[in-house]
Structures are given as structure tokens and as C-alpha cells.
Number of protein chains: 2
Amino acid sequence: MEKLREALRERGSRLTPQRLAIYEHLRDTKSHPSAETIYGELKARYPSLSLNTVYQTLQVLDEIGLAQKLPVESREARYDGNATGHAHLICLECERIWDIDGEALPAVSEIDRQAEKKGFKVVRNQVQVYGVCPDCQAKGR
Amino acid sequence: MEKLREALRERGSRLTPQRLAIYEHLRDTKSHPSAETIYGELKARYPSLSLNTVYQTLQVLDEIGLAQKLPVESREARYDGNATGHAHLICLECERIWDIDGEALPAVSEIDRQAEKKGFKVVRNQVQVYGVCPDCQAKGR
DNA sequence: TATCTAATTAGTTGTTATTCCTATTACTGC
DNA sequence: GCAGTAATAGGAATAACAACTAATTAGATA
Ligand SMILES: [Mn+2]
Ligand SMILES: [Mn+2]
Ligand SMILES: [Zn+2]
Ligand SMILES: [Zn+2]
């Protein structure tokens with residue numbers, strides 16, 4: 001929470017209950033939710049919350065580096081409270097998203113290096129593997 | 001063209017002038033255009049072409065493996081006549097897209113391997129590096 | 001602590017890429 | 001040529017998200 005307050009202050013922004021709730025929700029989940037999902041999950045505790053505020057807050061969190069937007073194949077973007085560069089595993093059937101940790105990082109760095117070799121100034125990357133998760137493979141039998 | 005005809009037949013679909021035009025256009029460009037751009041570029045030669053047909057055709061080409069849809073950060077999807085797994089370089093300023101070829105491929109495969117290690121059945125991947133291209137860096141001075 | 005003011009919010013309306021719908025057109029096999 | 005089916009064009013619908021605005025609030029200041 002202090003991290004959030006500090007990052008907001010640097011930007012000349014205020015810490016509101018809505019921003020705190022969305023920040024903590026993202027921090028505490030591994031599910032990479034959509035804006036709509038976050039809205040639905042917080043609505044019970046914050047009945048006056050508006051979807052618009054969720055969108056605005058997610059944008060702010062993205063800008064101050066405390067979250068990232070994941071543009072995926074499905075229509076709605078998903079959000080990640082972990083803003084560090086890491087690869088994602090996305091199930092085409094259940095649309096759940098998992099992190100690929102550790103061992104994929106050197107590969108991602110290698111790709112960045114290739115980009116820099118072409119004179120690109122790299123800002124961020126999106127590495128997403130689409131497929132079918134073990135659960136859905138089992139169901140699909 | 002025979003490749004297209006054959007792939008369409010297998011799917012029980014017909015080879016129409018619109019499909020051929022879109023297929024060839026994608027095959028002959030390196031620009032990873034959007035549906036709207038393709039529409040604009042073919043409209044002169046095929047005045048009756050509709051945007052809807054462009055969308056439908058791109059979906060068909062994707063399904064039969066002769067093109068792929070690239071979901072990118074900007075609102076409109078971009079399309080690639082090269083359906084093999086390869087990484088992309090995307091300029092955040094001019095929105096142009098380039099392939100990262102050669103040396104980056106093993107890294108892309110390595111990420112797939114990590115996904116498989118987790119029990120995932122990999123279908124495809126999207127590896128995108130966002131940044132600023134040399135042209136835009138020069139302009140930005 | 002009370003006051004002040006710019007930032008933020010909720011609610012609403014606007015935008016736009018993409019999909020849906022349907023009447024017409026065009027292949028394809030007979 | 002004709003019947004049957006698939007594809008197209010054009011327009012309407014959808015849905016995620018952005019823009020707008022009046023009312024509220026965080027938090028700096030005295
Ligand atoms: Mn993640
Ligand atoms: Mn490409
Ligand atoms: Zn699944
Ligand atoms: Zn550029």
C-alpha cells in the first residue's frame with residue numbers, strides 16, 4: 001500500500017479507496033482478470049464502484065508500473081499485477097492464464113537482444129503461448 | 001494459388017476472386033496489414049468488395065493455416081501471410097510491424113518447450129517486442 | 001480542525017472494430 | 001440449363017472501451 005501511495009504521489013495522483021481496492025485485488029490474485037471481472041468481484045464490497053473507474057485505475061496502475069495490460073486474442077484485455085516481463089500460457093478453451101516462470105526468461109531476453117540488434121529501442125514484450133491446458137485436455141476426451 | 005485452392009477444397013470451400021485477391025495481397029506484402037487496410041488497398045481493383053468479405057476471408061485463411069491473425073496492443077488486429085511461428089517487432093509510434101527472423105527462432109521454441117513441460121498442448125504463440133523503430137527514434141530527436 | 005481546490009468518481013453517452021443478419025449472386029454437379 | 005449450396009455485399013447490431021460532465025472527495029494549507 002505504501003508502494004502504491006508513493007508511486008501515485010510521484011505522478012501527482014491521489015490514493016483513493018477504489019484505487020487501493022483494485023491494486024490489492026490484482027496483487028492478491030493469480031488469475032489475470034479482465035476489467036469487467038475485477039468490477040464484478042469488487043462490486044459486492046464497493047457497491048458504488050463504476051466500471052469506468054476500473055478502466056481508469058487499471059490504466060493508471062499500468063502507467064506507474066504496478067500492473068500491466070495483456071492484449072490477448074479474446075476481445076477483452078486481461079490485467080496482471082506483476083508488471084515484470086514474463087511469459088504467459090493461455091488456454092484457448094477455458095481462457096485461463098498462467099505465468100511461465102524462470103526458465104523461459106533467457107529465451108525472452110534473447111529475443112529482445114535480436115530486436116536491439118536491429119536498432120530497435122525495446123520498451124516491453126508480450127510473450128504468449130496459446131494452447132490447451134491439462135484440465136481441458138482431460139475434459140476434451 | 002494451387003496451394004490455396006487445395007486447402008480450400010479440403011475444407012469444402014470455394015476459391016473465389018475475393019479470396020484469391022486477399023491471399024495474394026497478404027502473400028506479397030511484408031507490412032502485416034489490418035483488415036481495413038487490405039480492404040482499402042484492394043477496393044480500387046475490386047470495387048464491389050466488401051469489408052465484411054475481407055474479415056470472413058481472413059478468418060478462413062487463418063483456419064486453413066495460410067495466414068495468421070496478430071492481436072496487438074492497438075485496437076485493430078493485423079494479419080500475416082506467414083503463418084509459421086515467428087517473433088514480431090512492433091513500433092509503438094508508427095505502428096509498423098517487422099519480423100524477427102533467424103536467430104530468435106530457437107528462443108521461441110524454447111518457450112514452447114517450457115509450456116509443454118507444464119502439460120500444455122501448444123497450438124501457437126505470439127511473441128511481440130514493442131518499442132521504437134530506428135526511423136521514429138531519429139524523428140523523435 | 002475547517003477550508004479550499006484540483007483530482008477523482010459515477011453515470012452516461014460516444015466511438016469503432018468486429019460480428020451478425022439477410023437478400024442477392026455465383027459456383028458446381030447433375 | 002437447373003437445383004442446391006456457399007459466398008458476397010450492404011447494412012444493422014454488438015461490445016469493449018474512451019470521452020464527457022456534474023457531483024464528490026483527498027489531502028494540502030492555514
Ligand atoms: Mn502474469
Ligand atoms: Mn510476420
Ligand atoms: Zn483450459
Ligand atoms: Zn516507428
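On a predicted model such as this, the values are computed, not experimentally measured, just so you know. Here is how names work: the chains are called A, B, and so on, in the same order as the sequence lines, proteins then strands, and each is numbered from 1. Side chains are part of it too, since the values below use all heavy atoms of this structure and drop only hydrogens, waters and symmetry mates.
In this structure, A:Ala35 reaches neither bases nor backbone, as no heavy-atom distance under 4.0 Å exists between it and the strands shown.
Computed from coordinates, the A:Leu4 CG to D:dA26 P distance equals 14 Å when rounded to whole Å. One atom, CD of B:Glu95, and another, C1' of C:dA17, lie 14 Å apart when rounded to the nearest Å. Taking atom CD of residue A:Gln59 and atom C1' of nucleotide C:dT9, one finds them 15 Å apart after rounding to whole Å. In this structure, A:Leu8 atom CG and C:dA7 atom C1' are separated by 12 Å, rounded to whole Å. Between the NZ atom of B:Lys69 and the C1' atom of C:dA17 there is a distance of 10 Å, rounded to whole Å. Summarising the geometry, the separation between CZ on A:Arg9 and C1' on D:dA26 is reported as 12 Å, rounded to the nearest angstrom. For the pair A:Ile22 CD1 and C:dT8 P, the interatomic distance rounds to 13 Å; values are reported in whole Å. Note: CD (A:Glu36) to P (D:dA15) measures 11 Å, nearest angstrom.
In terms of phosphate contacts, A:Tyr55 brings a side-chain nitrogen or oxygen within less than 4.0 Å of OP1 or OP2 of D:dC17.
Overall, the helix from C:dT1-D:dA30 to C:dC30-D:dG1 carries an axis bend of 40° between its ends, with five pairs at each end and the value rounded to 10°.
Ion pair B:Glu110/B:Arg113 flagged as a salt bridge, since at least one NZ, NE, NH1 or NH2 atom sits closer than 4.0 Å to an Asp/Glu carboxylate oxygen. In summary, A:Arg124 and B:Glu73 engage in a salt bridge, as defined by a charged side-chain N under 4.0 Å from a carboxylate O.
Sorted by residue number, the list of members of residues 123-132 of chain B with any non-hydrogen atom under 4.0 Å from DNA chain C is empty.
Counting only residues at least two apart or on different chains, no salt bridge (Lys or Arg N to Asp or Glu O under 4.0 Å) pair has a member in residues 77-95 of chain A. For residues 32-53 of chain A, every residue pair satisfying the ring-ring contact (aromatic ring centres under 6.0 Å, His included) rule, not counting sequence neighbours, is listed here: A:His32-A:His88.
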Show me the protein contacts with nucleotides 5-11 of chain D, counting only N or O atoms at under 3.5 Å.
| unit_1 | atom_1 | unit_2 | atom_2 | d |
| --- | --- | --- | --- | --- |
| D:dT5 | O2 | B:Arg14 | NH2 | 3.1 |
| D:dA6 | O4' | B:Arg14 | NH1 | 3.3 |
| D:dA6 | O4' | B:Arg14 | NH2 | 3.3 |
| D:dA7 | OP1 | B:Arg14 | N | 3.2 |
| D:dA7 | OP1 | B:Arg19 | NH1 | 2.9 |
| D:dA7 | OP1 | B:Arg19 | NH2 | 3.4 |
| D:dT8 | OP1 | B:Thr16 | OG1 | 2.8 |
| D:dT8 | O3' | B:Gln18 | NE2 | 2.9 |
| D:dA9 | OP1 | B:Gln18 | NE2 | 3.4 |
| D:dA9 | OP1 | B:Ser48 | O | 2.7 |
| D:dA9 | OP1 | B:Ser48 | OG | 3.2 |
| D:dA9 | OP1 | B:Leu49 | N | 3.3 |
| D:dA9 | OP2 | B:Ser50 | N | 3.0 |
| D:dA9 | OP2 | B:Ser50 | OG | 3.4 |
| D:dA9 | OP2 | B:Thr53 | OG1 | 2.5 |
| D:dA9 | O5' | B:Ser48 | O | 3.1 |
| D:dG10 | O6 | B:Asn52 | ND2 | 2.3 |

Would you mind writing out the side-chain donor-acceptor pairs for residues 51-60 of chain B within the sub-3.5 Å range, not counting sequence neighbours?
| unit_1 | atom_1 | unit_2 | atom_2 | d |
| --- | --- | --- | --- | --- |
| B:Thr53 | OG1 | B:Ser50 | OG | 3.1 |
| B:Thr57 | OG1 | B:Thr53 | O | 2.8 |

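Annotation: side-chain hydrogen bond (donor to acceptor under 3.5 Å, both in side chains) contacts of A:Lys30 (sequence neighbours excluded): none. Not a single side-chain hydrogen bond (donor to acceptor under 3.5 Å, both in side chains) links A:Ser74 to another residue, sequence neighbours left out. Partners of A:Leu4 by side-chain contact (heavy atoms from CB on, under 4.5 Å), not counting sequence neighbours, listed by chain and number: A:Leu8, A:Leu15, A:Leu20, A:Tyr23, A:Leu61, A:Ile64, A:Leu66. Residues passing the side-chain hydrogen bond (donor to acceptor under 3.5 Å, both in side chains) test with B:Arg96 are B:Asp135, sequence neighbours excluded. The side-chain hydrogen bond (donor to acceptor under 3.5 Å, both in side chains) test applied to A:Thr29 returns A:Ser31, not counting sequence neighbours.
Annotation for A:Phe120: hydrophobic cluster partners, listed by chain and number, are A:Leu89, A:Trp98, A:Ile100, A:Val108, A:Ile111, A:Val122, A:Val127, A:Val129, B:Leu89, B:Trp98, B:Ile100, B:Val108, B:Ile111, B:Phe120, B:Val122, B:Val127, B:Val129 (ILVMFWY side-chain heavy atoms under 4.5 Å, direct or chained).
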